[in-house]
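Lettering follows sequence order; numbering is per chain, from 1.
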2 protein chains.
Amino acid sequence: MSDCETCVVKNRAICSALEPAELAALGKLSRKQIISRGQTLVWEGDESLVVANVIKGVLKLAVSATDGREQIVGVIFPSDFIGRPFGKESPYGVTALTDAEVCVFTRTAFDSFAREHSDLQHKLLQRTLDELDRARHWMMLLGRKTASEKIATLLIEISNRLGNAGCSAIAPFLERFEMPMDRQQMGDVLGLTIETVSRQMTKLKEADIIALPDRRTVVIRDRKRLHNIAFAA
Amino acid sequence: MSDCETCVVKNRAICSALEPAELAALGKLSRKQIISRGQTLVWEGDESLVVANVIKGVLKLAVSATDGREQIVGVIFPSDFIGRPFGKESPYGVTALTDAEVCVFTRTAFDSFAREHSDLQHKLLQRTLDELDRARHWMMLLGRKTASEKIATLLIEISNRLGNAGCSAIAPFLERFEMPMDRQQMGDVLGLTIETVSRQMTKLKEADIIALPDRRTVVIRDRKRLHNIAFAA
DNA sequence: CAGCTTCGTTGATCTAAATCAATGCAGGCA
DNA sequence: TGCCTGCATTGATTTAGATCAACGAAGCTG
């Protein structure tokens with residue numbers, strides 16, 4: 001079981017819907033789990049046995065074809081919820097992009113708890129609706145945007161999500177951050193190859209829109225121009 | 001208000017979660033609305049004023065860029081739910097692909113009803129989770145599939161959805177159906193141009209995998225081969 | 001039924017991004 | 001200190017699909 005009182009995401013995760021007594025009850029059903037970069041928590045197509053809240057780290061949701069082509073269909077940050085509650089198999093794999101820490105429930109235990117706590121279910125519905133909106137806007141990116149628009153959009157999105165994840169109302173986004181994924185994974189999110197990702201990144205660097213102090217860190221030097229590229233404004 | 005008792009989708013729409021008395025109460029909040037092909041029910045970015053159940057017809061959810069590029073992010077069939085409950089603006093436009101009939105609620109009225117009826121909310125959650133899975137698999141298509149895989153997948157998907165929509169447990173899918181969209185709209189679903197859609201369709205026709213008796217109707221003559229193309233098996 | 005208009009097909013050409021192929025470069029390890 | 005090993009970058013070439021441009025066929029309308 002987990003100690004929910006001291007949990008760093010308790011105010012942002014779906015748990016925030018619960019009263020202290022309920023929270024304690026839910027906490028008894030959970031256990032903390034450490035996952036290291038590259039490790040996969042759930043395999044695509046497997047029976048959906050667990051759901052979880054992310055406490056720390058970044059994870060990917062991925063779908064792959066028989067021939068190995070992969071598409072990352074979601075990137076999961078702290079306080080986000082993972083898993084497919086209410087039956088069925090997991091329609092995508094979940095694997096850690098960075099070392100991570102999650103708060104895991106067995107799906108069946110979580111399901112019955114959620115059925116009895118309609119505030120929790122409401123929060124879950126809101127989150128799922130938000131995820132659906134995000135997924136659908138990403139469909140626009142995948143279907144209709146050019147490589148440079150895709151890269152610019154990704155950089156803005158990651159900087160925003162990492163900024164908010166820090167919980168600070170102060171920093172809505174970050175001008176300097178660590179990419180939680182390598183070039184191949186960026187390609188898998190954007191529907192591009194590693195070479196195209198690399199070329200677009202150096203193009204942005206040469207235009208002085210971003211700086212790349214090392215392979216993982218990104219500095220946004222001109223957010224406005226980056227935004228214009230991302231949204232063809 | 002609508003007469004839910006005689007509604008053709010009452011067993012498949014989210015309303016099926018409700019007891020007769022509750023159903024009657026919900027019915028009082030709704031009104032039937034006829035929409036003709038091409039008419040748009042909700043504009044992208046507008047405040048989310050209504051939600052609805054689809055009774056008849058097919059509608060699209062679309063996101064567009066400032067320069068007119070459009071991506072269809074969802075295709076909605078009878079018994080499906082439309083709209084963004086619980087606040088915010090509508091993140092995509094909803095417009096009819098065929099003449100349609102919907103059962104409309106003002107969003108605020110629906111929201112408060114749903115908050116008091118946790119079975120309804122549960123059903124809505126299940127549906128939203130299913131939609132999210134569908135959207136994410138479509139992301140795989142948009143990001144990683146070739147034009148011929150895309151077309152084959154679309155034909156299978158539409159034939160399945162139209163088959164189930166007919167409510168008949170008899171026909172899981174249809175071997176002959178009317179495409180509820182034109183070539184441009186097929187392109188907008190798949191992230192392709194109209195010309196590429198057309199060429200891929202004639203390629204499938206020439207390989208005797210499908211027949212095209214007229215511009216709207218499709219006959220699947222070799223589902224197995226079509227499936228192999230769609231899923232690179 | 002002639003003349004629009006809308007939609008789909010087909011062909012020629014172009015180009016963005018994929019693919020193929022080195023090369024560079026930092027960190028770990030002997 | 002020098003050699004792997006795993007990424008990332010860069011360059012050359014190819015190609016799937018876009019773009020540009022007719023053309024054809026079906027449905028309306030006066």
Side-chain angles (χ1 to χ4, degrees), chain A residues 36-38 65 67-71 97-98 141-155 178-207 210-219 229-230 232, chain B residues 36-38 60 65 67-72 97-99 141-155 178-207 210-219 229 232:
Chain A
S36 46
R37 176 195 290 193
D67 60 5
R69 279 176 289 178
E70 174 166 315
Q71 177 69 45
L97 292 174
T98 66
L141 171 142
L142 290 170
R144 294 303 191 193
K145 286 193 177 182
T146 64
S148 48
E149 291 169 338
K150 284 177 175 183
I151 292 283
T153 308
L154 178 66
L155 294 177
E178 285 258 300
M179 256 292 146
M181 62 189 87
D182 63 28
R183 296 288 185 268
Q184 179 60 58
Q185 288 157 344
M186 290 174 69
D188 291 340
V189 177
L190 298 172
L192 296 173
T193 59
I194 190 172
E195 294 94 332
T196 302
V197 170
S198 183
R199 279 185 249 270
Q200 294 297 333
M201 291 290 279
T202 66
K203 237 180 64 184
L204 288 175
K205 188 179 66 182
E206 279 166 2
I210 61 170
L212 300 169
D214 65 72
R215 42 174 74 182
R216 285 272 177 166
T217 113
V218 174
V219 180
I229 293 170
Chain B
S36 46
R37 176 195 291 195
K60 68 172 179 178
D67 60 5
R69 279 175 289 177
E70 174 166 314
Q71 176 69 44
I72 294 178
L97 292 173
T98 66
D99 291 344
L141 173 142
L142 291 169
R144 294 303 190 194
K145 286 192 177 182
T146 64
S148 49
E149 290 169 337
K150 284 177 174 181
I151 292 283
T153 307
L154 179 65
L155 294 177
E178 285 258 301
M179 255 292 145
M181 61 189 88
D182 63 27
R183 296 290 186 265
Q184 178 61 58
Q185 289 158 344
M186 290 174 69
D188 290 340
V189 177
L190 298 173
L192 296 172
T193 59
I194 190 173
E195 294 94 333
T196 301
V197 170
S198 182
R199 279 186 249 270
Q200 295 296 333
M201 292 290 279
T202 65
K203 237 181 63 183
L204 288 175
K205 187 178 69 182
E206 281 167 0
I210 62 170
L212 301 168
D214 65 73
R215 39 174 78 184
R216 286 273 177 165
T217 112
V218 174
V219 180
I229 293 169

Earlier contact from the 5' end, DNA chain D, for B/Gln200 and A/Glu206: A/Glu206

Send over the distance from A/Ile194 CD1 to D/dC7 P, rounded to a whole Å. 9 Å

Measure from the side-chain heavy atoms of A/Arg215 and tell me the nearest of C/dG24, C/dA21, D/dG17. C/dG24

Take atom CD of A/Glu149 and atom P of C/dA17, then tell me their distance rounded to the nearest Å. 9 Å

Does A/Thr193 have a side-chain nitrogen or oxygen under 4.0 Å from the phosphate oxygens OP1 or OP2 of C/dA18? yes

Output yes when a side-chain donor or acceptor of B/Lys60 lies under 3.5 Å from a complementary backbone atom of B/Ile72, and no otherwise. no

For a quick check of understanding: with a heavy-atom distance under 4.0 Å over all strands, which category does A/Gly187 fall into, base, sugar-phosphate or nothing? nothing

In this structure, how many angstroms lie between the P atom of C/dA16 and the CZ atom of A/Arg144, rounded? 17 Å

Looking at A/Thr196, does any N or O in its side chain come under 4.0 Å of the phosphate oxygens OP1/OP2 on C/dA17? no

Nearest-Å distance, CG (A/Leu212) to C1' (D/dT10)? 15 Å

Quick one: does any side-chain atom of A/Lys150 pair with a main-chain N or O of A/Gly187 as donor and acceptor, under 3.5 Å? no

Atom CG of A/Asp188 to atom C1' of D/dC7: distance rounded to whole Å? 15 Å

With a 3.5 Å cut-off and heavy atoms only, can you find an N or O donor on one side and an acceptor on the other between the side chain of B/Gln185 and the base of C/dC7? no

Check: B/Arg199 side chain, C/dG8 base, donor-acceptor under 3.5 Å: no

Assign each of A/Leu192 and B/Lys205 the nucleotide of DNA chain C bearing its closest heavy atom; nearer the 5' end lies the nucleotide of B/Lys205

Atom pair distance, as rounded to whole Å: CE in A/Met201 and P in D/dT9: 7 Å

Check the phosphate of D/dT9 against A/Thr202, side-chain N and O only, distance under 4.0 Å to OP1 or OP2. Yes or no? no

B/Arg183 side chain N/O closer than 4.0 Å to the phosphate oxygens (OP1, OP2) of C/dT9? yes

Rounded to whole angstroms, how far apart are CZ on B/Arg216 and P on D/dG27? 12 Å

When every non-hydrogen atom of A/Met201 is compared with those of A/Val218, the smallest separation belongs to CE-CG2, 4.4 Å

Side chain proximity check, B/Arg144 to A/Asp188, heavy atoms < 4.5 angstrom: yes

Okay, side chain of A/Gln185, backbone of A/Asp182: is any donor-acceptor separation there less than 3.5 Å? yes

For A/Arg69 and D/dA16, give me the distance from atom CZ to atom P, rounded to whole Å. 13 Å

